[in-house]
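Nothing here was measured: the structure is a model prediction, and the numbers come from that model. Values below: all heavy atoms of this structure, side chains included; hydrogens, waters and symmetry mates excluded.
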Amino acid sequence: MNIMVLDDEPIIRQGIIHKITQTGLPVTVIAEAGDGVQGLQLMKSVKPDLILTDIHMPGIDGLEFIRQARLLDSEVQVVIITGFDNFDYAKQAIKYGVANYMVKPLEEEELYATLSSLLERKEAEHQTVQMIQELRSVAETSQEAFRQQALTQFLQEEDFVAATAELEELARHGAYFTAVVIQLESFKVPHQSFGSQEESLLWFAIKNIVTERFLSNSIQGILVHHSLRRFELVYVLGLRKGQDKAGVTSALESISFGIRKYLRLEATIGVGPYQEQITRVQESYREAKQIARNSILHGSSRIYQTPTITSTGKEAQRKSFISQEDIRLLEDWLGKWERDKIHKWIERRLGAIVQEPSSSYVMVEWFCVDLYLFLNKYWLVHADNSKWAIGELTDLQRELEQTTAWQDIVDMMNKLVTNMIGLLSHTSNLDGKEIMEAVRVYLEQHYAEPIQLSVIAERFFIHPNYFSKRFKEKYGESFVDYLNGLRMKEAARLLVETDLKIREISERVGFEDAAYFGSVFRKRFKMTPGQYREQSSDQT
């Protein structure tokens, strides 16, 4: 990963570069600059993957630099460097798409964690690109499967030139375009009158209802069965000039009714904003998925439509969900380790959003991000690395995407608070190395017990995702592999030194399923437990 560093103080800039090189990570500092103007000029020639930039610089400030840098390269990652007094500024910069922020003076462990996280994200994005590219190259025998892959690629922001002739035809005859996302509840066959071998027939019935209802309302479009998300259908539609959008709502109501009545399935529908160019339907698709998440607040089996408001207008509505009075209360409760009061406050605040009829899921996200940023700021002032307790912002966003009920979000945010107070009150501000060592000692003493990552996270008040990444970095293998290594070492000893049955040994080292124990053992020693015992007996 290629990095550019911006800071108007040469000594600080060189110090940052030195710390980057000392991480030992596969990163290279390819450029440096003392102000944003020079940084923008360098971007045109060096094309960095990541920019570390100060907030206050001569020429243009950090936010303006980020804005212009995004125009030059929408893929470039930006990490801002700030002081505690610039926290609100850093919080504002989060909305501009910065990947993270770090506080001066830079701590080596935090820098290492940030760069590691961005490397992991870059690798994940690379794998996603590869996955989409593989969709193109797969030689499907079914022409329909190939068609759906091409349409999925289009929705995943592939170039319009890669789209199908159907999309080009729709573009020629339509004046306004949007994407409708239909999220079906998960199902298995047999289902209703569909037998165990008739899943394809059930899907045909679902798709037939969708296409027939739209066509009966004279709405032209293309139905996409997302190649990567099994229960997601997308209808890319085009309205002719003067065609009433009310027809879309009528068709959707009929689709929802038909799927529920005739197939006994529930469907949540999200409608994206209308675009004048079909090449911008991907934007409608993203917003349709986002607005369908309103089902978490207001229930599934409903139709959610994007308000007719510009992106600029939506951005202007962004407000902080945590007031100064809230901050004073939260700081007081955290200082006194009053976990239950904070939990009740979180449930009340999220409950108020849910109960407001005009609220949307994005408001829940805003509240969660604001609370995360507050917790992170509090920790930076009162302790060491906050990531041990609350993980990274990307962890929070991924977990939010996976939730299906607002109470799950309450539990998730409460867990972050529990972790923080737990670490603050029980570990006397242990650093990351001490936490890792404490976990290692615990595993060596309790490996025979039913231990999972979630159990460790609860016991040591740490965020499971962040801990899992750091654990693998330190010990060279995953948490599960390390735990199984301890168990296998003891199992091997028991096989040689005792006459216990293999099932008894399995239970003694923490496996309830002897077959799974045998599978793990074979993977580790390249032979079955019985073969290992026999071989050891022959050698004595």
Side-chain angles (χ1 to χ4, degrees), residues 116 120 123-124 127 186 188 230 387-389 391 395 398-399 402-404 408 411-412 414-416 418-419 422-423 426-427 430 432-540:
S116 296
E120 291 173 3
E123 176 61 23
Q127 291 176 356
S186 60
K188 294 180 180 179
R230 183 183 175 201
K387 307 299 189 298
W388 286 105
D395 293 323
R398 278 195 297 269
E399 290 169 14
Q402 295 168 1
T403 54
T404 57
D408 293 339
D411 294 341
M412 184 174 72
N414 282 347
K415 185 64 178 177
L416 300 187
T418 298
N419 284 349
L423 276 179
H426 290 82
T427 64
L430 292 178
K433 294 179 181 178
E434 292 171 314
I435 292 174
M436 202 77 73
E437 178 63 17
V439 172
R440 187 189 65 78
V441 171
Y442 181 83
L443 290 179
E444 290 184 348
Q445 295 174 348
H446 300 273
Y447 62 83
E449 299 173 8
I451 297 176
Q452 297 179 334
L453 181 57
S454 58
V455 173
I456 295 297
E458 290 180 5
R459 182 177 183 83
F460 290 90
F461 307 103
I462 52 181
H463 193 280
N465 291 357
Y466 186 80
F467 166 75
S468 181
K469 295 174 190 174
R470 302 292 82 82
F471 189 94
K472 188 169 184 179
E473 287 174 3
K474 181 173 179 60
Y475 295 110
E477 56 184 343
S478 70
F479 166 82
V480 172
D481 287 342
Y482 186 90
L483 175 59
N484 282 339
L486 294 174
R487 289 170 167 173
M488 292 302 102
K489 181 179 178 181
E490 175 63 8
R493 185 189 70 80
L494 292 173
L495 284 167
V496 175
E497 298 180 4
T498 74
D499 294 325
L500 290 171
K501 295 179 179 179
I502 292 175
R503 179 176 295 278
E504 293 173 326
I505 293 175
S506 168
E507 295 174 351
R508 185 166 294 194
V509 299
F511 288 88
E512 295 181 0
D513 187 339
Y516 179 58
F517 163 75
S519 174
V520 174
F521 193 95
R522 284 194 302 272
K523 183 178 179 181
R524 172 78 56 161
F525 294 102
K526 311 303 181 187
M527 64 182 73
T528 66
Q531 291 170 337
Y532 185 92
R533 171 174 273 172
E534 184 178 347
Q535 184 184 83
S536 301
S537 177
D538 292 340
Q539 293 175 355
T540 57

query: Taking it one step at a time, do Ser536 and Leu495 satisfy side-chain contact (heavy atoms from CB on, under 4.5 Å)?
result: CA-CA 9 Å; Ser536 301; Leu495 284 167; over 6 Å; no
Any Glu399 side-chain heavy atom under 4.5 Å of Thr403 side chain: no
- prompt: Got a sec: does the CZ of Arg508 have more than 12 other heavy atoms crowding it under 6.0 Å?
  reply: no
- prompt: Applying the side-chain contact (heavy atoms from CB on, under 4.5 Å) test to Phe517, which of Glu512, Met488, Arg522 qualifies?
  reply: Met488
message: Working to the nearest 0.5 angstrom, can you tell me the gap between Glu490 CD and Glu497 CD?
response: 8.5 Å
- request: Taking all heavy atoms of Asp481 and all of Arg524, pick out the closest pair and write down the distance.
  value: O-NH2, 3.1 Å
- request: Please work out whether the ring planes of Tyr482 and Phe471 are parallel, tilted or perpendicular, with thresholds of 30° and 60°.
  value: perpendicular
- request: Determine whether Ser116 and Lys469 make a side-chain contact, defined as any pair of heavy atoms from C-beta on separated by less than 4.5 Å.
  value: no
field: Note, Leu443 side chain near Phe479 side chain (heavy atom, < 4.5 Å)
entry: yes
- request: Considering non-hydrogen atoms only, spot the tightest contact between Glu449 and Arg487 and give its length.
  value: O-NH2, 2.8 Å
field: Atom of Ile502, atom of Gly530 and distance for their closest heavy-atom approach
entry: CD1-N, 3.8 Å
- prompt: Near Arg503 CZ, under 6.0 Å, is it more than 12 heavy atoms from other residues, nucleotides or ligands?
  reply: no
query: Parallel under 30°, tilted from 30 to 60°, perpendicular over 60°: which one fits the rings of Tyr442 and His446?
result: parallel
field: Nearest-0.5 Å distance that lies between atom CZ in Phe521 and atom CG in Asn484
entry: 12.5 Å
- request: Give, for atom CD of Glu507 and atom CG of Asp513, the distance between the pair rounded to the nearest 0.5 Å.
  value: 10.5 Å
